[in-house]
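Residue numbers begin at 1 in each chain, while the letters A, B, ... track the order of the sequences.
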2 protein chains.
Amino acid sequence: MPRLDTVLHVEEALMQLKELSARSGVSAASIKYYLREGLLQPGETVTATRADYGDGHLRRLELIQALRQIVGLGIGQIRTILSLADGGAPRLDVLATVQRVVLGLDNPGTARGSSAPGPGDAVVRLRRWPDAPSDARNALNAHLELMQKLSVPVSPATLDVYSQAMDTVAALDIRETVAPEDTDQLILTAAVGMHMHSQLLLKLLALAQASHAIRALEVHGPENSNAGSLTAHPDGQDGP
Amino acid sequence: MPRLDTVLHVEEALMQLKELSARSGVSAASIKYYLREGLLQPGETVTATRADYGDGHLRRLELIQALRQIVGLGIGQIRTILSLADGGAPRLDVLATVQRVVLGLDNPGTARGSSAPGPGDAVVRLRRWPDAPSDARNALNAHLELMQKLSVPVSPATLDVYSQAMDTVAALDIRETVAPEDTDQLILTAAVGMHMHSQLLLKLLALAQASHAIRALEVHGPENSNAGSLTAHPDGQDGP
DNA sequence: CCTTTAGGATAGGAGCACTATCCCAAACTT
DNA sequence: AAGTTTGGGATAGTGCTCCTATCCTAAAGG
């Protein structure tokens, strides 16, 4: 019986560690490190001095690179995602975890009992979103409570406008989403996509805020400052 | 002539380093460190062995704490903001810098000539935002070019919906904004507010995406996964 | 007189993501 | 057979950041 690779005309390019390093641009030392950290599956040990790595390892390395350098995840976070994927978890579980990690749904130390009702539940009802507890929902509840604690006011109007806006955005996001078959590819596009889109959102928010601030100043007239200052870039002394 | 403090009934509580440390909860060593780093103005040296710090120093320390622990800024970023404020820059300049730093408007290494037209300018026209080059606009242009380079597609529809959504949000943000008189207080509320609101937005986005994903699955039927998995929290092995 | 203090210099420590070295045994090469 | 490479494991070092600790001197203060 012929190998599946052959049937599909997929030439599994076998290589050993050094070549994998050369092709991926990742140093051999780093590859060993990823191996140790469990981000990369061990190659197939042929002899004691020869192990074969395939295209999968190459793509995995590129995924790790992207997750580190573009999305800015830590090794632990990457492991969380990859071990789930390698464990054969359902694609939706993987996606949910990618979302959790990329959008930072669990950074506040404020752990919450998942069943306790929180201030965010009203939003769910308001927007008629499916009523299921989720990581995102817990994160929202925790975050709202944190804002409360920090006395950062969140008016119902804010919650209304914000959630309405995000509802529109998310509807489009999901509509435009196409999920690749290959799991590593799925993680790559999902993580990079989520990150870039969320950053895009924040940059648009910044621009919109600046614009509205200028408008507000034009109406009420500049009082103790020049409106042009919002348009300069003061070039902080921090450097790139 | 009486001191202004006395007239305004503002008791300037004078204290020395040790007491400042006790009251603020910041270790004396850290205070010295902040002093060295230029985040905190030196106290008034009375004798060689006694320096007086006032309420301003106390509030400044609280500001630094908030910027570090809540907003998550680095020492260099904090210095960028504070030295501007201490240099007596216009309030709007300070706010612009806070925005730049808090919303990460300059993290991509992609520096841009401010005058070159970019893909984001169409958004500005579309939304009828004031036509002035700004940090936010540069950041948007740089980010869109980055997305292009990474082959993350940004459809005109996306830009339309996103910018429309952010326009609404920003309008409300600016409307609800009240800026404190005191500059340190201004920085505090602005930085914490921006950070918390942007995080809120991201969390709402996550929830909205999850909701729409569930909807989409309900319509087309679950194919190779259980919809319930989006609602679980798989508890990654990373731990808080 | 003895302890305390300010402020400066320096060094240490913890966490992170590598990076480099060393080692061994088992291959391949010549 | 001798010499070179290789895999993989262990271990230590690097560069960065944010502190934290120690030591020092000169000058007060009680």
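Judged as a salt bridge (charged side-chain N to carboxylate O under 4.0 Å, His left out), and not counting sequence neighbours, the contacts of A:E37 are A:R79. Every residue two or more places apart in sequence or in another chain was checked for a ring pair (Phe, Tyr, Trp, His ring centres under 6.0 Å) with A:H195, and none qualifies. Under the rule for a salt bridge (charged side-chain N to carboxylate O under 4.0 Å, His left out), the partners of B:D182 that lie at least two apart in sequence or sit in another chain are B:R59. Take A:D86 and apply the side chain to side chain donor-acceptor pair (under 3.5 Å) test, not counting sequence neighbours, and it matches A:R60. For B:R68, there are no side chain to side chain donor-acceptor pair (under 3.5 Å) partners two or more places apart in sequence or in a different chain. Contacts of A:Q148 classified as side chain to side chain donor-acceptor pair (under 3.5 Å), with partners at least two apart in sequence or in another chain: none. With sequence neighbours excluded, the residues that form a salt bridge (charged side-chain N to carboxylate O under 4.0 Å, His left out) with B:E19 are B:R23. Under the side chain to side chain donor-acceptor pair (under 3.5 Å) criterion, B:T189 pairs with no residue, sequence neighbours left out.
Within residues 56-63 of chain B, no residue has a heavy atom under 4.0 Å from DNA chain C. Using a 4.0 Å cut-off on heavy atoms, the residues of residues 19-36 of chain A that approach DNA chain D are A:K32, A:R36, listed by number.
Across the interface with DNA chain D, nearest-nucleotide mapping of B:A48 and B:G74 shows B:G74 to be the residue nearer the 5′ end. Place A:Q65 and B:T45 on DNA chain C by their nearest nucleotides, and B:T45 ends up nearer the 5' end.
Extent of DNA chain D lying under 4.0 Å from chain B heavy atoms, first and last nucleotide in 5' to 3' order, is D:dC18 to D:dA28. Taking every nucleotide of DNA chain C with any atom under 4.0 Å from a non-hydrogen atom of chain A, the first and last of them, 5' to 3', are C:dA17 to C:dC28.
Without hydrogens or angle criteria, B:E145 side chain to B:G118 main chain gives no donor-acceptor distance under 3.5 Å. Looking at A:T158, its side chain never comes within 3.5 Å of a backbone N or O of A:V154 through a donor-acceptor pair. Proximity of a side-chain donor or acceptor of B:H143 to a complementary backbone N or O of B:A139 within less than 3.5 Å is not detected.
Partner A:L207 forms a side-chain contact (heavy atoms from CB on, under 4.5 Å) with one of B:N138, B:N141, B:L140, B:L103 and no other, that one being B:L140.
Atom CD of B:E44 has 12 or fewer neighbouring heavy atoms from other residues, nucleotides or ligands inside a 6.0 Å radius.
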